[in-house]
Number of protein chains: 2
Amino acid sequence: MHGKSDHGEAFAPHDHAACQSRALVEAEERLSREGARLTPVRRRTLEILLEAHRAMGAYEVLDRLADDGFGRQPPVAYRALEFLVEHGLAHRLQRLNAFAACLHPGEDHAPVFLICRECDKVAETNAPRVRGELQAAAGGQGFTVERATIEALGLCPVCAEGRE
Amino acid sequence: MHGKSDHGEAFAPHDHAACQSRALVEAEERLSREGARLTPVRRRTLEILLEAHRAMGAYEVLDRLADDGFGRQPPVAYRALEFLVEHGLAHRLQRLNAFAACLHPGEDHAPVFLICRECDKVAETNAPRVRGELQAAAGGQGFTVERATIEALGLCPVCAEGRE
DNA sequence: TCTTGACTTGTTATTACATAACATGGGATG
DNA sequence: CATCCCATGTTATGTAATAACAAGTCAAGA
């Protein structure tokens, strides 16, 4: 058992135990302010995510919860994860999983998507400056960007108009 | 015309028929250059996406293909969509769908994720300038951003090191 | 103390999304 | 015309997510 592998440091090495417990303390404070409860499942779920320090699928989280004596059914994990996300203690990566035609196939583009939550229409815009800033931010951490997903969810001008 | 990009007009009313047929023509040109074939299913799939002008799930596309006499099984749609994406004629929105603990729950942040494809570790970085550029780009089209997903897939410094 | 009601956790069952593995048939190439 | 690649279709299965219901906990007020 050496330090380097099983429980990751983020990209930069750091005191993982400290960053976990700090996050847990902050979580408790935050929740008590909001009148929400960090129950055993929820707490354990957060710990699992913090220990892993990487993205985990809901079913992977569920397996660990089950090993720890919690329920074995999907809703157990989904509910706990949903709770954490709602209260800003965890993030959900990715959403839609859908397809849209590319409107400018000729150009070698790095598209940014604007998705209207009302009408589902998708605008594909070429925003090199967004990409540029992303590259810069990543480079600052020694991270090499190969592909990037940039999707904005909101209201298109037409739907925004219609709801005033 | 200002360059090849009238990208900005996606949400604005425009001539759908024209923009569809233009995309189809471009698709054919591009594919013939690459020696790939725009077969009936593939062509119809592209048409469906172009007509919809919005993001569609694979099964929704599949339903339409089936109505038009093509196969009714999921791989029919997935293969055609995959082909279009490979050749730059369509985009896939979103992939992973996983969870990660939030490391800075206190801050009112707009996180940007750096996901290493080797070790799955996720760094959460606060990149206001990326967000800023996104807001600017969206605003230029009259689009109101409510939430944005910004995820970069690539190599973290540790894994990049290990593969040289 | 007892009851009420909101909330949490657990279950079963089902729906949605995606791919593996295999069979068939057409069309270009030699 | 034989061959091979590729496209299309199938069946079957795997993975992700949610709906609907049952039961337990616990604090607040009668």
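In what follows, chains are A, B, ... by sequence order, proteins preceding strands, each numbered from 1.
- The distance between atom OH of Tyr78(B) and atom P of dA12(D), rounded to the nearest whole Å, is 19 Å.
- Salt-bridge formation is not detected for the pair Arg79(B)/Glu86(B): no Lys NZ or Arg NE/NH1/NH2 atom is positioned less than 4.0 Å from an Asp or Glu carboxylate oxygen.
- Look at Arg79(A) and you won't find any side-chain N or O under 4.0 angstrom from OP1 or OP2 of dG10(C).
- The side chain of Phe70(A) has dG10(C) as its nearest neighbour among dT18(D), dG10(C), dA7(D).
- Between Glu28(A) and Arg43(A) there is a salt bridge, with a side-chain nitrogen of the basic residue lying less than 4.0 Å from a carboxylate oxygen of the acidic one.
- Centre separation under 5.5 Å together with a plane angle under 30° holds for the ring of Tyr59(B) and the six-membered base ring of dC17(C), marking them as stacked.
- Atom CZ of Arg37(A) and atom C1' of dC7(C) are 7 Å apart (whole Å).
- dT8(D) atom C1' lies 15 Å from atom CG of Leu38(B), rounded to whole Å.
- Along DNA chain D, the nucleotide closest to Gln73(A) and the one closest to Phe83(B) are compared, and the more 5′ of them pairs with Phe83(B).
- Here dT18(D) is the nucleotide among dT18(D), dT11(C), dA18(C) with the atom lying nearest to any side-chain atom of Pro74(A).
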Stepwise side chain to side chain contact (heavy atoms under 4.5 Å, CB included) check, Ile150(B) with Thr149(A): CA-CA 6 Å; Ile150(B) 304 181; Thr149(A) 300; over 6 Å; no

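- Taking 4.5 Å as the limit, every side-chain heavy atom of Leu114(B) sits out of range of all side-chain heavy atoms of Cys156(B).
- The listed nucleotides are dG9(D), dA7(D), dT9(C); the one nearest the side chain of Val76(B) is dG9(D).
- Spacing between atom CZ of Arg72(A) and atom P of dA13(C) amounts to 18 Å, rounded to whole angstrom units.
- Leu65(A) places its CG atom 9 Å from the P atom of dG10(C), with the value rounded to the nearest Å.
- Taking atom CD on Glu82(A) and atom C1' on dA19(D), their separation rounds to 13 Å, with Å as the unit.
- Comparing dT12(C), dT10(D), dT8(D) by their closest approach to the side chain of Pro75(A) singles out dT12(C).
- The separation between Leu31(A) atom CG and dT8(C) atom C1' is 15 Å, rounded to whole Å.
- Rounded to whole Å, atom P of dT8(D) lies 15 Å from atom CZ of Arg44(B).
- Salt-bridge check for Glu34(B) with Arg30(B): passed, with a basic side-chain N closer than 4.0 Å to an acidic carboxylate O.
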